[in-house]
Amino acid sequence: NREESCKGNIKSLEDVKKEAEDKCKGSSPPGSQTANFIVQASNNYLACVYGQMLEYWRERNAIETVGQKFPDWNKPAVVTIITGDNLGNGGATTFIFDRGEVVGWKMNIRGSYEKLIDSTIPHEVQHMIVASYFRKAVPRWADEGFSSNTESQADLCKHFKMNIQFLRTERGISLNKLFTMTDYPKDVMPLYAQGTSLTEYLLRQSGGGCQAKRKFMKFLGDGMQSGD
């Protein structure tokens with residue numbers, strides 16, 4: 001359940017979204033920079049709302065994933081957001097691992113207002129959480145699968161349906177190949193679908209919720225350390 005409260009420490013998405021919208025309407029002018037994000041959008045109001053939601057997901061994902069908030073980054077991430085109902089939802093987040101630190105955060109995302117807030121932003125922020133925690137690259141299936149797990153239930157179900165379709169049409173990736181992938185294949189969507197489905201299976205096997213996410217992070221860390 002995506003709305004699990006982790007013992008009441010996390011506000012609901014709808015409450016925070018309403019607070020952000022009210023706050024940004026009352027600002028003069030609304031701010032487009034927060035402690036960890038510099039947001040570029042089509043207008044200051046949207047930049048302000050997205051900035052608040054980016055901070056919300058940064059805090060929520062960290063608490064759910066590793067059990068605590070992260071300190072502010074040394075330099076805020078630069079986020080460019082294009083909003084439109086007819087745009088395909090998606091984007092990319094880039095960064096550099098430099099001597100045990102993560103630097104040069106940049107995020108470019110697009111989509112409808114609602115999808116950006118409940119799927120695309122949490123997905124991209126989860127990449128940042130995982131990178132900040134491990135401070136090195138993680139297997140592609142786990143990085144994309146774990147990030148997709150933060151999306152809305154409707155979008156999560158789309159990944160599951162695509163996975164079934166890819167496996168039936170022989171577009172699936174064999175598990176021994178999937179587990180060792182460090183880069184994106186040319187046919188990238190099966191990686192997302194299989195990574196999401198496999199991650200969901202492992203989370204459910206651990207009971208679901210925040211404790212399962214933390215166990216998954218430990219599993220991932222142990223695997224990278226041992227090379228298995």
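The residues of the chain are indexed from 1 along the displayed sequence.
When the side chains of ILVMFWY residues are joined at heavy-atom separations under 4.5 Å, either directly or via intervening members, F97 and V103 end up in two distinct hydrophobic clusters. Put simply, M224 and M128 are part of the same group of oily side chains (I, L, V, M, F, W, Y) that touch within less than 4.5 Å, one to the next. Under a hydrophobic-cluster definition in which Ile, Leu, Val, Met, Phe, Trp and Tyr are linked whenever side-chain heavy atoms come within less than 4.5 Å, directly or via other members, L167 and I173 are assigned to different clusters. Under a hydrophobic-cluster definition in which Ile, Leu, Val, Met, Phe, Trp and Tyr are linked whenever side-chain heavy atoms come within less than 4.5 Å, directly or via other members, I129 and F95 are assigned to the same cluster. In the hydrophobic clustering of ILVMFWY residues, with side-chain heavy atoms under 4.5 Å counting as a link, L198 and M217 come out together.
Put simply, the side chain of R214 never gets that close to the backbone of T65: no donor and acceptor are under 3.5 Å apart. A donor-acceptor pair is defined here as one N or O able to donate and one able to accept, closer than 3.5 Å; such a pair exists between the side chain of N43 and the backbone of L46. Looking at Y56, its side chain does come within 3.5 Å of a backbone N or O of L13 through a donor-acceptor pair. Proximity of a side-chain donor or acceptor of N61 to a complementary backbone N or O of V125 within less than 3.5 Å is not detected.
In this structure, T196 and S148 approach most closely via the heavy-atom pair OG1-CB, 3.1 Å. When every heavy atom of A20 is checked against every heavy atom of M53, the shortest pair comes out as CB-SD, 4.1 Å. Here the closest heavy-atom approach between residue S197 and residue N163 is recorded as OG-ND2, 3.3 Å. A pairwise comparison of heavy atoms in L220 and A142 identifies CD1-CB, 3.6 Å as the closest pair.
Taking a cutoff of 4.0 Å between a charged side-chain nitrogen and a carboxylate oxygen, R60 and E64 qualify as a salt bridge. Salt bridge annotation for K11-E19: present, with a cationic side-chain nitrogen under 4.0 angstrom from a carboxylate oxygen.
Rounded to the nearest 0.5 angstrom, Q194 CD and S174 OG are separated by 8.5 Å. The distance from the SG atom of C210 to the CD1 atom of I63 is 8.5 Å, given to the nearest 0.5 Å. Rounded to the nearest 0.5 angstrom, D222 CG and Q225 CD are separated by 6.5 Å. Summarising the geometry, atom CD belonging to Q205 is positioned 10.5 Å from atom CG belonging to L203; distances are rounded to the nearest 0.5 Å.
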Trace of the side chain to side chain contact (heavy atoms under 4.5 Å, CB included) decision for E200 with F160: CA-CA 9 Å; E200 181 70 9; F160 300 152; 3.5 Å; yes

CA sep, side-chain torsions, deciding dist, call: Q126, T150, side chain to side chain donor-acceptor pair (under 3.5 Å): CA-CA 8 Å; Q126 186 74 335; T150 66; 5.8 Å; no

L178 and L191: CA distance, side-chain angles, deciding distance, side chain to side chain contact (heavy atoms under 4.5 Å, CB included) verdict: CA-CA 7 Å; L178 182 72; L191 170 67; 3.5 Å; yes

Stepwise side chain to side chain contact (heavy atoms under 4.5 Å, CB included) test for E144 and Y184: CA-CA 10 Å; E144 291 301 344; Y184 292 99; 2.4 Å; yes

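Counting heavy atoms from C-beta on, the side chains of V49 and Q52 never come closer than 4.5 Å. Inter-residue side-chain proximity for V130 and F134 is flagged as met; some heavy-atom pair is nearer than 4.5 Å. Residues K213 and N149 form a side-chain contact, since some pair of their non-hydrogen atoms from C-beta on lies under 4.5 Å apart. Within the 4.5 Å cutoff, the side chain of K177 has heavy atoms near those of the M181 side chain. Between I81 and V39, the closest side-chain pair of non-hydrogen atoms falls below 4.5 Å.
With W141 as reference, F179 is the one residue of F146, Y201, F179, Y192 to meet the ring-ring contact (aromatic ring centres under 6.0 Å, His included) rule.
Side chains of E151 and H159: a donor on one and an acceptor on the other come within 3.5 Å. A side-chain donor-acceptor contact under 3.5 Å links H127 and S147. There is no side-chain donor-acceptor pair under 3.5 Å between S32 and Y50.
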Under 3.5 Å donor-acceptor pairs involving side-chain atoms of residues 68-80, not counting sequence neighbours:
unit_1: D72; atom_1: OD1; unit_2: N36; atom_2: ND2; d: 3.1
unit_1: W73; atom_1: NE1; unit_2: S132; atom_2: OG; d: 3.4
unit_1: T80; atom_1: OG1; unit_2: Q40; atom_2: OE1; d: 3.0

Atom pairs and distances, donor-acceptor, side-chain atoms in residues 105-117, under 3.5 Å, two or more places apart:
unit_1: R110; atom_1: NE; unit_2: G88; atom_2: O; d: 3.1
unit_1: S112; atom_1: OG; unit_2: K115; atom_2: N; d: 3.2
unit_1: Y113; atom_1: OH; unit_2: E21; atom_2: OE2; d: 2.6
unit_1: E114; atom_1: OE1; unit_2: K17; atom_2: NZ; d: 2.7
unit_1: E114; atom_1: OE2; unit_2: K17; atom_2: NZ; d: 2.7
unit_1: K115; atom_1: NZ; unit_2: D155; atom_2: OD1; d: 3.0
unit_1: K115; atom_1: NZ; unit_2: D155; atom_2: OD2; d: 3.3

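The environment of I82 atom CD1 is sparse: at most 12 non-hydrogen atoms of other residues, nucleotides or ligands sit within 6.0 angstrom.
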